[in-house]
Each structure stands twice: as C-alpha cells, then as structure tokens.
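First listed ligand is number 1; within each ligand, the first listed atom is number 1.
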Amino acid sequence: MYTPQAENKFTFGLWTVGNIGRDPFGEPTRKQLSPVEIVHLLAEVGAWGVNFHDNDLVPITATAAEQDKIVKDFRQALDDTGIVVPMATTNLFSDPAFKDGAFTSNDSKVRAYALQKTMNAIDLGVSLGATTYVFWGGREGTETDAGKDPVTAIKRSREAMNYLCEYVRDQGYDLKFALEAKPNEPRGDIYNATTGNMLAFIETLDHSEMVGVNPEVAHEHMAGLNFTHHVAQAMEQNKLFHIDLNDQAFGRYDQDFRFAAVNLKSAFFIVKLLEDNGYDGCKHFDAHAYRTSDYEDVKAFARGCMRNYLILKEKVQRWNADSEIQGLLAYINEDDGSMDGYMGQYSSDKAAALRAQTFDRAALGERGQPYEALDQLTIEILLGVR
Ligand code: GCO
Ligand code: MN
Ligand code: MN
C-alpha cells in the first residue's frame with residue numbers, strides 16, 4: 001500500500017540524493033556519486049523520475065566530447081532502469097559569474113551569458129525528455145538595495161522570461177516553465193520572494209500561458225507563510241506546474257528536510273489539497289538527507305519522503321470517509337439556499353433586494369463552529385487512533 005508506483009510521479013533531483021553533506025561550516029561527509037550511480041539508487045528505492053541542473057549532469061568545465069560521453073552514459077542508465085526525466089533546470093547560482101544574479105545582474109554580459117547558458121540547458125533537458133523547466137533565481141536578489149534597482153530587476157526578469165519563452169516556441173519544444181520563489185538564502189533577499197509574487201509576475205509575461213509555478217514547502221515556511229494556501233492559489237489559477245516537497249522548521253535556515261519530517265499536520269493538508277483536487281503533475285522531493293547520513297541512510301531518507309506521502313494520502317482517504325468528520329463538515333457548510341437570490345452574479349435587482357433584507361447580526365455572531373472537534377478528529381487520524 002505504501003509502495004511507490006509510477007502513477008505517483010515521485011521524482012528527486014540529482015542534487016537531492018546526490019547531496020554530499022557540505023554546509024557553510026563543514027566539508028562533505030559523503031563521497032560524490034556519479035549521475036549514473038544516482039539513477040540506479042533512485043531505481044532501487046522506487047522513484048519514478050530524476051531531475052537535474054545542467055551542471056549536476058555536465059560539469060561547467062566539460063568539453064563537448066566529455067558532455068557527449070556523460071549524456072550517453074546517463075541515457076543508458078535511464079534506459080536500464082526505466083527512470084524518466086520530467087524536469088530540468090539551470091544552475092545560475094554556483095559560479096562566481098552569477099554572484100550578483102543572472103537575469104537581474106547589473107552586468108549586461110552576465111545577463112547575456114545567463115540566457116545563453118539557459119538555452120543550452122533547455123536543449124539538454126528537452127533532449128532527455130523534460131517537459132517542465134524550472135527557474136529558481138537563487139542569486140537574483142541583494143544584500144543592499146543601494147546596489148540594484150528593484151524595479152529594474154523586475155523588468156530584467158520579465159525580459160529574460162519573455163526571451164526564453166520565445167526561444168522555446170522558436171524551437172517548437174513541448175516545454176512549460178515553472179517559477180520557484182524563495183524569500184532569502186543564498187541572497188539576503190531574493191526578488192519575487194513568495195509563490196504569490198510569482199503568480200502576479202507571471203500575468204505580466206508575453207506568454208503567460210506557458211509559465212506556472214513550482215512552490216516549495218520550505219520556502220513558504222521560511223517566510224512564515226501557509227504553504228497550502230499558496231499552492232491552492234496556484235491550483236485555482238491552473239498554475240501549479242510542478243511542486244517541491246520537503247519540510248522546514250519555521251524561522252530556521254533553509255533545511256530541506258525529508259517530506260513531513262517536521263510539520264506533520266501541514267504536510268497532511270498539502271497532500272489533501274493535491275489529492276482532493278486531482279493534481280497529477282510531478283511530486284518532486286527537493287530535500288536531502290542529514291549531514292550525518294551515509295548512503296544507506298540516504299536511501300532511508302528517499303524512501304521516507306515517498307512513504308510519508310503515501311501514508312498521508314491514506315490518511316486523507318480515511319479523513320474523507322470518516323462519517324463523524326463528514327457530519328461536522330455538513331453542519332459547518334449548511335446552507336438553506338435562502339440567500340441565493342441576493343448573491344452570486346451581480347445585478348441591480350439583486351443588490352436592491354439585498355439592501356432591503358434585514359439580518360439578525362447578534363444571531364449570526366452567536367453561531368459557533370465546531371472546529372476544535374474537527375481538528376481533534378484530524379489529529380486522531382494523524383496519530384493513528386482513528
Ligand atoms: C533551494 C532550491 C533549489 C531549486 C533547484 C531547482 O532552495 O536550493 O529549492 O533546490 O529547487 O535549484 O531549481
Ligand atoms: Mn529549497
Ligand atoms: Mn526547490
């Protein structure tokens with residue numbers, strides 16, 4: 001029941017299970033696995049797909065001949081294991097060239113290089129099967145607003161997205177873009193800090209229909225926000241093109257923990273939102289194992305992400321089928337239809353009728369809502385006693 005299936009579309013990045021445990025204070029604690037080894041590891045734990053940044057697969061220093069060999073070996077590993085590549089992305093943050101951003105850099109040569117690097121990375125991703133392309137602007141921000149004009153930064157971001165959308169159209173690729181927000185880290189502040197900012201920005205693009213979002217649990221939690229609400233807004237606008245699942249304690253640095261490792265109840269409501277609304281895109285676990293893990297424990301980490309999702313999915317089914325919960329929901333959402341003539345699509349007759357209606361305000365304020373009871377039933381389902 002908790003065994004991952006292809007239909008779950010569980011994916012991991014090469015950089016996730018391949019994380020070597022380096023942090024700002026310490027050296028790597030695990031040896032680097034090759035992309036081929038990572039594909040085999042993912043197959044062993046039961047994942048469906050693998051995603052990558054251009055330079056996770058092909059080092060930035062590789063020659064054309066080296067690239068060909070690496071891609072050939074990687075393709076062979078995909079064929080041998082049945083692992084697919086649904087998403088790819090560009091590393092526009094590691095190289096010192098991008099220290100002040102890529103598309104928002106003040107240096108036009110850096111901006112041009114970022115576009116060139118992204119076009120090459122799109123070609124690579126598409127050649128391996130990717131149909132979603134993620135943009136995470138890790139360095140697109142500031143430590144001091146004295147150095148970059150924030151209005152110009154938005155215009156530069158838009159110009160880059162418009163350019164790359166046209167590139168994809170020009171090539172005739174079947175590829176959509178998913179923009180990923182993060183409030184800070186590695187920059188002091190990153191532009192378009194939340195999924196909500198991204199949704200507003202997307203509407204200003206020339207080909208907004210090609211562009212959606214890739215929200216990440218940790219990123220909204222870093223900002224102290226309700227992730228489920230942000231994902232819901234994206235879904236309601238048909239803009240949830242991809243999702244990065246992981247976990248994060250509020251108020252901490254970017255932790256990228258195993259999905260559901262910290263905030264079990266929020267994880268439940270995320271899974272509930274995705275399942276109840278029939279989200280059928282990738283569920284990408286953008287997380288990594290603790291620095292203390294060896295590769296056996298990295299497998300436990302990866303299995304844990306998928307297993308937690310499936311356990312929570314089963315809890316969602318249990319919640320939806322619970323007659324006491326359904327009874328409470330029916331009471332909460334009770335509606336005798338007597339207000340229908342006053343609301344919905346506006347008309348001047350309706351507005352006049354509504355104005356003439358008298359309401360018993362005190363009675364409205366007296367009606368209680370059994371949310372304590374409902375939440376306790378939710379907790380009992382999560383704790384496994386129901
Ligand atoms: C992070 C980000 C990244 C992106 C990845 C894909 O906080 O480091 O979440 O992991 O998701 O670069 O664009
Ligand atoms: Mn992250
Ligand atoms: Mn991410």
Side-chain angles (χ1 to χ4, degrees), residues 10-24 38 49-57 60 85-95 98 101-103 114 117-118 121-122 124-125 130-141 157 160-161 164 175-195 198 211-223 225 227 230-231 234 240-250 252-259 261-263 270 281-289 291 301-302 305:
F10 289 144
T11 65
F12 290 83
L14 284 180
W15 70 94
T16 63
V17 285
N19 178 288
I20 55 178
R22 181 190 287 124
D23 72 15
I38 295 173
V50 65
N51 309 315
F52 58 84
H53 302 85
D54 49 354
N55 304 133
D56 298 337
L57 184 60
I60 197 164
V85 173
M87 178 274 259
T89 182
T90 331
N91 185 327
L92 295 173
F93 45 87
S94 293
D95 195 88
F98 301 121
F103 304 136
K117 190 173 194 288
T118 304
I122 286 176
L124 176 66
T131 53
T132 302
Y133 203 83
V134 164
F135 288 85
W136 172 65
R139 300 279 175 196
E140 313 287 14
S157 303
M161 283 304 126
L164 293 166
L175 190 69
K176 52 192 186 339
F177 291 172
L179 311 189
E180 177 176 346
K182 187 176 183 181
N184 56 275
E185 234 186 301
R187 293 313 294 263
D189 290 285
I190 298 177
Y191 297 126
N192 277 331
T194 71
T195 299
M198 285 298 185
V211 188
V213 290
N214 177 36
E216 172 171 318
V217 179
H219 298 178
E220 248 76 37
H221 283 191
M222 285 171 74
L225 299 172
F227 181 68
H230 281 76
V231 177
L240 187 66
F241 286 8
H242 200 266
I243 192 163
D244 277 3
L245 298 175
N246 58 11
D247 213 347
Q248 168 82 27
F250 282 80
R252 299 286 168 92
Y253 65 96
D254 179 24
Q255 295 177 307
D256 287 338
F257 285 147
R258 187 175 81 259
F259 179 58
V262 186
N263 301 285
I270 295 161
C282 294
K283 286 136 204 152
H284 173 226
F285 296 104
D286 191 8
H288 52 75
R291 188 163 179 266
F301 148 83
C305 285

Would you mind checking which non-hydrogen protein atom is closest to atom 2 (C) of ligand 1, with the distance to 0.1 Å? E180 OE2, 3.5 Å

Atom 3 (C) of ligand 1: nearest protein contact (heavy atom, Å): D286 OD2, 3.5 Å

Does this structure show an ion pair linking D254 with K182, if we count only N-O contacts that are shorter than 4.0 Å? yes

What protein heavy atom is closest to atom 8 (O) of ligand 1, reported as residue, atom name and distance in Å? W136 CH2, 3.6 Å

Taking only non-hydrogen atoms of W15, do any sit less than 4.0 angstrom from ligand 1? yes

Check T89, D244, T132 against N214 for a side chain to side chain donor-acceptor pair (under 3.5 Å) and give me the one that passes. D244

For the Mn ion (ligand 3), which protein N/O/S atoms are closer than 2.8 Å? E180 OE2, E216 OE1, D244 OD2, D286 OD2

For a 4.5 angstrom cut-off between non-hydrogen side-chain atoms, does N263 reach D247? yes

Any heavy atom of E185 sitting closer than 4.0 Å to ligand 1? no

What distance do I38 atom CD1 and L57 atom CG have between them, rounded to the nearest 0.5 Å? 9.5 Å

Quick check on ring pair (Phe, Tyr, Trp, His ring centres under 6.0 Å): which of F257, F12, W15 does F285 satisfy it with? F12

Does any non-hydrogen side-chain atom of H221 lie less than 4.5 Å from one of N246? no

With F177, which residues qualify under ring pair (Phe, Tyr, Trp, His ring centres under 6.0 Å), at least two apart? F135

Around atom 5 (C) of ligand 1, find the nearest protein heavy atom and jot down its residue, atom name and distance. H53 NE2, 3.3 Å

Note, P215 side chain near L240 side chain (heavy atom, < 4.5 Å): yes

Contact check, side chains of I243 and F227, non-hydrogen atoms, under 4.5 Å: yes

Just to confirm my output: which protein heavy-atom neighbour is closest to atom 7 (O) of ligand 1, and how far is it? K182 NZ, 2.8 Å

Is there a polar contact between ligand 1 and D244, counting only N or O atoms under 3.5 Å apart? yes

With side chains defined as the heavy atoms from C-beta onward, is the minimum distance between V50 and T11 less than 4.5 Å? no

Sub-3.5 Å N/O-N/O distance, N214 and ligand 1: no

